[in-house]
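For reference, the structure discussed in these notes is given below.
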Amino acid sequence: MATSQDLFNLPGGTAANAPLAERLRPKTLDEVAGQVHLLGPGKPLRVAFESGRPHSMIFWGPPGVGKTTLARLMAAGFDAQFLAMSAVLGGVKDIREAVVAAQVAQGQGRRTILFVDEVHRFNKAQQDAFLPYVESGLFTFIGATTENPSFEVNSALLSRARVYVLESLGVAELQELLRRAMAMINAALPESETLQFDESAQAQLAAWADGDARRLINAVEVVAESARGAARRVIDSEWLETSLSQNLRRFDKGGDAFYDQISALHKSVRGSDPDASLYWFARMLDGGADPRYLSRRIVRMAVEDIGLADPRATEIALNGADIYERLGSPEGELALAQAVVYLACAAKSNALYTAYKAARAYAQENGSAPVPLHLRNAPTKLMKQLGHGQAYRYAHDEPHGYSAGEHYFPDGLKAKFYRPTDRGLEGKIAEKLAFLRKLDDEAKS
């Protein structure tokens, strides 16, 4: 377990040789970038700070949005001992050590805030180990997670903590951080060596950071060092692309190269070429693409280009994403590669994707058509008297489990959106639907 209390309380901030991201870490709430919905006047976290009474909480949000910073600020604001551990590296032994440290602080009349980063990576038993100490008030528990705590945090622990959702930083907030970073860098340089980003480079770097403050600041530090080494004082887009790293050259979020390569991956999967699919997947990872971004796109490919032709494709894509979250890099990337290959080899169909788009357009075009009376819910006596649910036919009670000839669209509306292919499972679905339509025709005759 690592403790950050001593570092956080160093006079004047953090050590001069600390990374720029650490030196820029806010010392007050007013210095925190973004999260106005939580930190603005009268907002929940602002009120919690001002009340002087800390409570257990869970910060849920993407990387680089201030989860650790807010926990540190809370410790400083309440003059509490700050203990930090990572669920990736920690275990029950670290929890025991934290309990001992908190007991010592309690004996000295001091509060303790225990911060657990990536708390979703602790298993149920490890999360349960916190409960008695949270309940007794030995320490205030603050967990940080990038995953939905409703699914990843034990309900017992979740019920004892408030969940605060942190949002990715906007472009304007990232550009303000960039200006702060450059001000700190330039403060240590002679006037003749100060650096600046032009407007295009600022915009490009903010877009590349994709809402992640830490990613932005680390990039600024790398680029500034490169510019000083080349005796360059103005950093423009061209210099930015050539100095930051291969990652930025290939994967600037607003650039064509990034989207060209994800397009190549998607089209290789759609084209049923597992070798090309693996190539583009490996190439993007090698260039620095976020595996989580790739996992989301892989799930999209399964739904858009395979759909019901092979429903297992969606399951395998989701499993790959889940395995990556559990194992991280590089082990978890193999599960994503497995999903890519399966999707490339699976039967293809965009029938569901096409049907969904057509249904959306049809619904928008026809407005709010009323639900037919026989399909309406009738939980009260009045609704029954008004005819809700009357003449509804319960499909399970009819031959083949199907109410032949029944009408489920609003009155006056009828459309056909889903047209299954003859590939994979959809071939069986097409046969089933054809059989049901035959029953409909017989019922009408």
- Message: Apply side chain to side chain donor-acceptor pair (under 3.5 Å) to residues S329 and Y324 and explain how you reach the verdict.
- Response: CA-CA 7 Å; S329 294; Y324 178 81; 2.8 Å; yes
- Query: Hey, is OH on Y418 packed in by over 12 heavy atoms from elsewhere, all under 6.0 Å?
  - Reply: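 It does: Y418 OH has more than 12 such atoms within range.
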- Message: Around atom CZ of R360, are there more than 12 heavy atoms from other residues, nucleotides or ligands closer than 6.0 Å?
- Response: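 At most 12 heavy atoms, drawn from other residues, nucleotides or ligands, come within 6.0 Å of this atom.
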Taking the side chain as every heavy atom from C-beta outward, state whether [X] and [Y] have any atom pair closer than 4.5 Å.
X    : Y    : answer
R376 : P370 : yes
I113 : L83  : no
V220 : V223 : no
R297 : L265 : no
R232 : L195 : no
L177 : L24  : no
W60  : E147 : no
L425 : P311 : yes

- Task: Would you list the pairs meeting side-chain hydrogen bond (donor to acceptor under 3.5 Å, both in side chains) in which at least one residue belongs to residues 30-43, sequence neighbours left out?
- Result: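 Matches after skipping sequence neighbours: D30-R46.
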Would you give the length of the straight line joining atom [atom1] of [X] to atom [atom2] of [Y], rounded to the nearest 0.5 angstrom?
X    : Y    : atom1 : atom2 : result
M85  : F115 : CE    : CZ    : 11.0 Å
S226 : I235 : OG    : CD1   : 8.0 Å
F122 : D117 : CZ    : CG    : 10.5 Å
D236 : E199 : CG    : CD    : 13.0 Å
Q338 : I323 : CD    : CD1   : 7.0 Å
M383 : L373 : CE    : CG    : 12.0 Å

Is the shortest side-chain N to carboxylate O distance from [X] to [Y] below 4.0 Å?
X    : Y    : answer
R233 : E193 : no
E304 : K348 : no
R111 : D79  : no
E118 : R121 : yes

- Message: The test is side chain to side chain contact (heavy atoms under 4.5 Å, CB included); show your working for H374 and H388 and say whether it passes.
- Response: CA-CA 6 Å; H374 73 286; H388 291 205; over 6 Å; no
- Test side-chain contact (heavy atoms from CB on, under 4.5 Å) applied to S268 and P274, S263, S277, the passing residue: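 Option passing the side-chain contact (heavy atoms from CB on, under 4.5 Å) with S268: S277.
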Which atom pair, heavy atoms only, marks the closest approach of [X] to [Y]?
X    : Y    : value
A101 : Q81  : O-NE2, 3.3 Å
F78  : A48  : CZ-O, 3.4 Å
L294 : M284 : CD2-SD, 3.8 Å
F59  : A71  : CE1-N, 4.0 Å
K384 : A378 : CE-O, 3.4 Å
K67  : T146 : NZ-CG2, 4.3 Å

- Message: Strictly by salt bridge (Lys or Arg N to Asp or Glu O under 4.0 Å), give each pair with a member in residues 318-343 just once, sequence neighbours left out.
- Response: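 Found R292-E325, D322-R326.
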- Query: Can you list the residues that meet the salt bridge (charged side-chain N to carboxylate O under 4.0 Å, His left out) rule with R96, with sequence neighbours excluded?
  - Reply: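 R96: no salt bridge (charged side-chain N to carboxylate O under 4.0 Å, His left out) contacts found.
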- For E176, what residues pass the salt bridge (charged side-chain N to carboxylate O under 4.0 Å, His left out) criterion, not counting sequence neighbours?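 With neighbours one apart ignored, the set is R179, R180.
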- Query: Which is it for W280 and K267 under the side chain to side chain contact (heavy atoms under 4.5 Å, CB included) test, yes or no, and what are the steps along the way?
  - Reply: CA-CA 10 Å; W280 290 113; K267 289 171 181 172; over 6 Å; no
- Message: What I want to check is whether the side chains of Y133 and Q103 have a donor and an acceptor closer together than 3.5 Å.
- Response: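 Checked: Y133/Q103 side chains show no N/O donor-acceptor pair below 3.5 Å.
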Has the side chain of [X] got a donor or acceptor atom that lies under 3.5 Å from a matching backbone atom of [Y]?
X    : Y    : result
Q196 : V234 : no
N154 : K124 : yes
N350 : Y353 : no
R25  : A21  : no
N123 : Q126 : yes

- Message: Students often mix this up, so state it plainly: with edges at 30° and 60°, are the rings of Y362 and F417 parallel, tilted or perpendicular?
- Response: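 Because their plane-to-plane angle is over 60°, the rings of Y362 and F417 count as perpendicular.
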- Anything under 30° is parallel, anything over 60° is perpendicular, the rest tilted; go ahead and classify F130 against F141.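 Judged by the thresholds at 30° and 60°, the geometry between F130 and F141 is tilted.
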- Item | Residues that A302 engages under side chain to side chain contact (heavy atoms under 4.5 Å, CB included), provided they are two or more places apart |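 Testing A302 for side chain to side chain contact (heavy atoms under 4.5 Å, CB included), a comparison that skips the adjacent residues, returns A313, T314, A317, L343.
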Give every donor-acceptor pair under 3.5 Å between a side-chain atom in residues 162-175 and any protein atom, sequence neighbours left out.
| from | atom 1 | to | atom 2 | distance (Å) |
| --- | --- | --- | --- | --- |
| Y164 | OH | H55 | NE2 | 2.8 |
| E173 | OE1 | G170 | N | 2.7 |

- Stepwise side chain to side chain contact (heavy atoms under 4.5 Å, CB included) test for T140 and L114: CA-CA 6 Å; T140 299; L114 176 62; over 6 Å; no
- Check step by step if side chain to side chain contact (heavy atoms under 4.5 Å, CB included) holds for L73 and V32. CA-CA 10 Å; L73 287 174; V32 175; 3.6 Å; yes
- Show the numbers, then the answer: is there a side chain to side chain donor-acceptor pair (under 3.5 Å) between N148 and H120? CA-CA 9 Å; N148 188 332; H120 61 277; over 6 Å; no
